[in-house]
Protein chains: 2
Amino acid sequence: MNTLAEENYLKAIYKLSCAEGNVSTNQIATELATKASSVTDMVRKLADKALVNYARYQGVSLTHTGEKIALNIVRRHRLWEYFLVEKLHFKWDEVHDMAEEMEHISSTELINRLDAFMGYPTRDPHGDPIPDCDGNIKASALKPVSAVKANTSGVISGVGDHSTPFLQYLEQQKLTIGKRVMVKEIIGYDNTVILEMDNKQLHISRDVANNILIAI
Amino acid sequence: MNTLAEENYLKAIYKLSCAEGNVSTNQIATELATKASSVTDMVRKLADKALVNYARYQGVSLTHTGEKIALNIVRRHRLWEYFLVEKLHFKWDEVHDMAEEMEHISSTELINRLDAFMGYPTRDPHGDPIPDCDGNIKASALKPVSAVKANTSGVISGVGDHSTPFLQYLEQQKLTIGKRVMVKEIIGYDNTVILEMDNKQLHISRDVANNILIAI
DNA sequence: TTATTTTTTTAGACTTGCCTAAAAATTACA
DNA sequence: TGTAATTTTTAGGCAAGTCTAAAAAAATAA
Ligand SMILES: [Mn+2]
Ligand SMILES: [Mn+2]
Ligand SMILES: [Mn+2]
Ligand SMILES: [Mn+2]
C-alpha cells in the first residue's frame, strides 16, 4: 500500500490534472502547502513506483495505475463526506477536513459497504461525482455562472471552492446545490453577476460567480 | 495533538496497566510488536509531554492526562467497531484492524455525533465497555469461565482475546455475547472445562476457557 | 554473596518526509 | 538574441520513528 503522504500527492496531482494536462512542481507545492523541493523528492518516489510519469523540468502526470489509486482516494473522500452530511448531519462546510483524514482508511470492503449502506450516492455534498468501485466517474459538464450568456438559466450543481467561508456564504445566500438560478446580467465594470433566484435578484462578485457551477 | 505512534503507545500502556500497575518496557514492546529500544525512546518522549510517569528501569504508568487521552482512543476504537458491526454488518471477528485505523480520526465532534447516531451504545461487539465522552468507563467485573466453581452459571459478556481465529471459533460454537452458560466441571488433568449451554454439553480447552468472560 | 541470566538502556544508524539555500535549467522580455 | 526573472532541481540537514548491537542495571540462581 501507499503512505498517507503518497496518497495526498496522488490526489493533488489528480485534481490539478483535471484542469490541465501536465502538472508543474510549483502547482503541487501550492496545492499541498509544501515546498517545491519536497515535491521533487516525492514525485521521484512516485515515478519509481510507476504511479506518475516524470522527467526533470517537464512536470508530471498520473500513470494508469496512479490514476486508479487517485480515483479510489477521491471515492473514499466523497463517500465519507456524504456520510458525515447525510447520517451525522454535519453541514457541507464542516466536512472537508474530517474527510481528509478518513479518506486514508484503507479497507476496500469497508468503503464498499459504506457505499451500500448509504444507497450508492452518485454525488457528494458539494455536487462532485463519486467514482464507483471500479473507478468510473461521470465527468460533469458544469459551467461557472460567470461564463454563461445573460438570460441563461441553470441548476446549481457544484462549487469550485470548497473552503468553509465560501460554502457558508453560499448557504447564507441560499445558493445551494439543486437551486435553479438565472443569470440576468454580467456588469462589465467589475464582472459582478446579477442572478435571479426565487423571483428575487441577487448580486454576486466575480470571485463568487467563478465558483458557482451550474448545469444548463 | 498526538501522533499516530504516540496514540498507539498510550493505548497499549492503558491496556497493559488495566491488568497490572506499572508496565514494563518489554510488555509494551510485545504488545506493539516492536523492539524494547524503540519503546524506551518513545516512553521518554511521552514522559517529556507529561503523559506517562517514567524513571529508568522502573517501568511506566499513565498520568491523569495520559489516561484521559488513552480512554478517548479506546472510546473511538469501540464506537467504530460498533458502527462496523451494527451498521455495516461486519462480523465481530472482522472489525479490529479497521477500527485500529479509524480510532485515529481526530475530530471529537465526529465521534460524539457517531455515538448519538448509534444511540449511545455502552458495549462494543466484543462486550467491552465504551467510555462516555467524559472518559467515564464501567469497570466490568467479569470472570473467565476457567476461574469459577463447578455448577456456576453466567452470561458470556466479554472475551479476553480479540484475534480473528479465536472469535471465529466462538462464533462457530455459538459461544457469543449474551449466551447463558453453566460451568459443569473443570477436569483436573488438563483444565478442560465442560460447559452446558442450551441443554447441550460442550468441552473447551484451558486456553479457550481463560478467554471467555462471564457475568455471574 | 558471587555468578549468570534477563531486562533495559545507550549508541549509532537507517528511512520517510520535510526544510533552506544554492545551483541549474527554463521562460520571459527588452 | 542576450539578460533577467522564474521555476525546478540539487545539496545538505533535521525530526520522527524504527532497528541492531553493545553496555549497564536488575533479577535470579548457585
Ligand atoms: Mn488526506
Ligand atoms: Mn466534496
Ligand atoms: Mn491504532
Ligand atoms: Mn473490541
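Chain A is the first sequence line, chain B the second, and so forth, proteins listed ahead of strands; every chain is numbered from 1.
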Chemist: A:Asp48 CG to C:dT15 C1': how many Å, rounded?
Modeler: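 Whole-Å distance recorded here is 14 Å.
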
Chemist: What is the distance from CD of B:Gln58 to C1' of D:dA27, rounded to the nearest Å?
Modeler: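 Whole-Å distance recorded here is 13 Å.
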
Chemist: Grab the CG-C1' distance between B:Asn2 and D:dA15 for me, whole Å please.
Modeler: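 Whole-Å distance recorded here is 16 Å.
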
Chemist: Hey, would you say the A:Tyr9 and A:Tyr14 ring centroids sit under 6.0 Å apart?
Modeler: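 Not close enough - the centres of the two rings lie 6.0 Å or further apart.
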
Chemist: Give a yes/no answer on whether the side chain of B:Thr40 brings an N or O atom under 4.0 Å of OP1 or OP2 in C:dT9.
Modeler: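 True: B:Thr40 side-chain N/O within range (under 4.0 Å) of C:dT9 OP1/OP2.
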
Chemist: Would you indicate, yes or no, if C:dT10 has its OP1 or OP2 atom less than 4.0 angstrom from a side-chain nitrogen or oxygen of B:Arg44?
Modeler: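 Yes, such a contact exists.
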
Chemist: C:dA25 C1' sits how many Å from A:Tyr57 OH, rounded?
Modeler: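 From A:Tyr57 OH to C:dA25 C1': 4 Å.
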
Chemist: Tell me: CG of B:Asn26 to P of D:dA27, nearest whole Å?
Modeler: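 Going from B:Asn26 (CG) to D:dA27 (P), I get 13 Å.
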
Chemist: Nearest-Å distance, NZ (A:Lys35) to C1' (C:dA22)?
Modeler: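 After rounding, the gap between these two atoms is 15 Å.
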
Chemist: Does the D:dT20 base have a donor-acceptor partner in the side chain of B:Ser37 within less than 3.5 Å?
Modeler: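 Answer is yes: a donor-acceptor pair is held.
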
Chemist: Could you tell me how far apart A:Lys49 (NZ) and C:dT15 (C1') are, to the nearest whole angstrom?
Modeler: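 Between C1' of C:dT15 and NZ of A:Lys49: 13 Å.
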
Chemist: OP1, OP2 of C:dT10 versus side-chain N and O of B:Arg56: anything below 4.0 Å?
Modeler: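 Affirmative; the distance criterion is met.
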
Chemist: For B:His96 and B:His126, I'd like to know if the aromatic rings sit close, meaning centre-to-centre distance below 6.0 Å.
Modeler: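 Ring-ring flag for B:His96/B:His126: false, centres at least 6.0 Å apart.
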
Chemist: Could you identify which residues of residues 6-18 of chain A place a heavy atom less than 4.0 Å from some atom of DNA chain D, listed by residue number, or say none?
Modeler: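 Residues of residues 6-18 of chain A that come under 4.0 Å of DNA chain D do not exist, since none gets that close.
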
Chemist: As a test of reading the structure: which of C:dC19, C:dT10, C:dT26 is closest to the side chain of A:Thr34, going by heavy atoms?
Modeler: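 Given the options C:dC19, C:dT10, C:dT26, the side chain of A:Thr34 is closest to C:dC19.
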
Chemist: What is the distance from CG of A:Asp41 to P of D:dA11, rounded to the nearest Å?
Modeler: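 It is 12 Å, rounded to the nearest whole Å.
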
Chemist: Between A:Arg113 and B:His89, is there a donor-acceptor pair closer than 3.5 Å when you use the side chain of the first and the backbone of the second?
Modeler: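 Flag set: sc A:Arg113 to bb B:His89 pair under 3.5 Å.
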
